[in-house]
Amino acid sequence: TRTPVNVTVTGAAGQIGYALLFRIASGHLLGPDTPVRLRLLEIPQAVKAAEGTAMELDDCAFPLLAGVDIFDDATAAFDGVNVALLVGARPRTKGMERGDLLEANGGIFKPQGAAINAGAADDVRVLVVGNPANTNALIAQAHAPDVPAARFTAMTRLDHNRALSQLAAKLSVPVSAIRKMTIWGNHSATQYPDLYHTEVNGKIAAEQVEDGWLRDEFIPTVAKRGAAIIEARGASSAASAANAAIDHIHTWVHGTPEGDWTSMAVVSDGSYGVPEGLISSFPVVAKGGEWEIVQGLDINDFSRQRIDASVAELAEERDAVSSLGLL
Ligand code: NDP
């Protein structure tokens, strides 16, 4: 039997955590041959709730689940971690300014980055889900100087999956007919879902839909889907966010299919004019457990403007956390 992989989940007692843990334990994160040990991090007030979830995990008798440990201390929770899913974050509450939000999250992601630096396994892979995800990932990465920056990523896979689903419905095709979807930029309302390289049954998607639909329906629907779900469900998306986190890590570890790519927010090397060091979403291929930004795509004027606007927002967030002393 193989040694279990240590998977640390923060915010484990939250909504997304509840939808995520059972799928990790049943083998959907790393595959049916890989046992996992779950390490749950919560704030002290939520430890009891995490214990309840751990009891339910026990009661599933998952053959791949080697154990569940619960922590309220980041250093302990990240000791030996192979896969870190940073879900817990400080939500924006009424009357909270953007700077307050960034500062509150800096207080969470700075020590978590330091704890990963101190104790993570050599192969650690980090996915930040908690918002503002790209900038939280940047803060954590900045405090883990001994871990390659490439190991810190943020989630735009839910946006990617939402874009696949909207396009499939529009063209009445199964999602499996679609390749090369891209989300660029920040996981925020400025994100840019790009159909100019997406292929549907081998033909460019942007040429199969009206410009008006692409600009005035598709892009805003994908970008505002989270708000639409809150409106309908009375709670934010959780199962679909958890599913996207599973997809993100699964693709990173097992690779993208030949002839396809995915969307991941990863540290920029300056590709496509995105300033080096920002954690921005790109078209990415994964192979042998490593990701690489897809190179050489033509970017038209419309896409250029959209990408630049989202990247400008990321640069502003970086400057804001930098002036708060969080980088
Ligand atoms: P959720 O589990 O619903 O959400 C967790 C985070 O994921 C939020 O920051 C949320 O952002 C973000 N998120 C990213 N993408 C999505 C998406 N598509 N849909 C919905 N959310 C998304 O939050 P809960 O409040 O239920 O749970 C959070 C838990 O985290 C609590 O149990 C809390 O105690 C814990 N926590 C743990 C910390 C730690 O371990 N150190 C630190 C802080 C909190 P958004 O707010 O923008 O929706």
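Order of appearance sets the numbers: ligands from 1, and atoms from 1 within every ligand. As the structure is a computational prediction, the values presented were derived from the model and not from experiment.
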Checklist outcome for this item: To atom 42 (C) of ligand 1, the nearest of V47, I108, D159 on a heavy-atom basis is I108
Item to check | Protein heavy atom at shortest distance from atom 30 (O) of ligand 1 | outcome: G11 CA, 3.2 Å
Checklist entry - Does D301 CG have over 12 foreign heavy atoms under 6.0 Å away? => result no
Next on the checklist: With a heavy-atom distance limit of 4.0 Å, tell me whether S237 approaches ligand 1 through its side chain, its backbone, both, or neither.
Outcome noted: both
Checklist entry - Among protein heavy atoms, which sits nearest to atom 14 (C) of ligand 1, and what does the distance come to when rounded to 0.1 Å? => result V129 O, 3.0 Å
Checklist outcome for this item: At under 4.0 Å between heavy atoms, what of N131 touches ligand 1? The answer is both
Next on the checklist: Suppose we measure from atom 5 (C) of ligand 1 to each protein heavy atom; which comes out shortest, and what is that distance?
Outcome noted: V87 O, 3.3 Å
Next on the checklist: Looking only at protein heavy atoms, which one is nearest to atom 28 (C) of ligand 1, and what is the separation?
Outcome noted: G14 CA, 4.0 Å
Item to check | Shortest protein contact, atom 23 (O) of ligand 1 (heavy atom only) | outcome: Q15 N, 4.4 Å
Item to check | Salt-bridge contact R179-E199 (side-chain N to carboxylate O under 4.0 Å) | outcome: no
Checklist outcome for this item: The closest protein heavy-atom partner of atom 34 (O) of ligand 1 is E42 OE1, 2.7 Å
Next on the checklist: In this structure, does ligand 1 have an atom that sits under 4.0 Å from one of the heavy atoms of H187?
Outcome noted: yes
Checklist entry - Does some non-hydrogen atom of A13 fall short of 4.0 Å from ligand 1? => result yes
Checklist entry - Can you name the ring pair (Phe, Tyr, Trp, His ring centres under 6.0 Å) partners of F218, sequence neighbours left out? => result W213
Item to check | Part of Q112 with heavy atoms under 4.0 Å of ligand 1, whether side chain, backbone, both or neither | outcome: side chain
Next on the checklist: I need the atoms of ligand 1 closer than 4.0 Å to a non-hydrogen atom of G130, numbered in the order shown.
Outcome noted: 6 (C), 7 (O), 9 (O), 12 (C)
Next on the checklist: Under 4.0 Å and counting heavy atoms only, is there anything from the protein next to atom 40 (O) of ligand 1?
Outcome noted: yes
Item to check | Intermediate values then yes/no, salt bridge (Lys or Arg N to Asp or Glu O under 4.0 Å), E231 and R225 | outcome: CA-CA 10 Å; E231 177 69 29; R225 185 73 167 174; over 6 Å; no
Item to check | Per-residue contact class, L41 against ligand 1 - non-hydrogen pairs under 4.0 Å | outcome: both
Checklist entry - Is any NZ, NE, NH1 or NH2 atom of the basic residue among E317 and R98 found under 4.0 Å from an Asp or Glu carboxylate oxygen of the other? => result yes
Checklist entry - Is there a donor-acceptor pair under 3.5 Å between the side chain of E276 and the backbone N or O of G270? => result no
Next on the checklist: Both conditions, 6.0 Å and 45 degrees, for the charged tip of R125 above the ring of W252: are they met here?
Outcome noted: yes
Checklist outcome for this item: For atom 18 (N) of ligand 1, the closest protein heavy atom turns out to be L158 CD2, 2.8 Å
Checklist outcome for this item: Exactly one candidate in I24, V36, L57, L38 meets side chain to side chain contact (heavy atoms under 4.5 Å, CB included) with F62; the answer is L57
Next on the checklist: Is there a side-chain contact between S263 and W184 in this structure, where contact means two heavy atoms from C-beta onward sitting under 4.5 Å apart?
Outcome noted: no
Checklist entry - Which of the atoms in ligand 1, numbered in the order shown and given with their element, are less than 4.0 Å from a heavy-atom of A46? => result 34 (O)
Checklist entry - Is R215 positioned over the aromatic face of F302, cation under 6.0 angstrom from the ring centre and no more than 45 degrees off axis? => result yes
Checklist entry - Heavy atoms only: which of I16, T8, T10 is nearest to atom 4 (O) of ligand 1? => result I16
Item to check | Protein contact to atom 38 (C) of ligand 1 [nearest heavy atom, distance to 0.1 Å] | outcome: I43 CG2, 3.7 Å
Checklist entry - Between N300 and S303, is any side-chain donor less than 3.5 angstrom from a side-chain acceptor? => result yes
Next on the checklist: Between E313 and T190, is there a side-chain donor-acceptor contact under 3.5 Å, judged purely by atom types and distance?
Outcome noted: yes
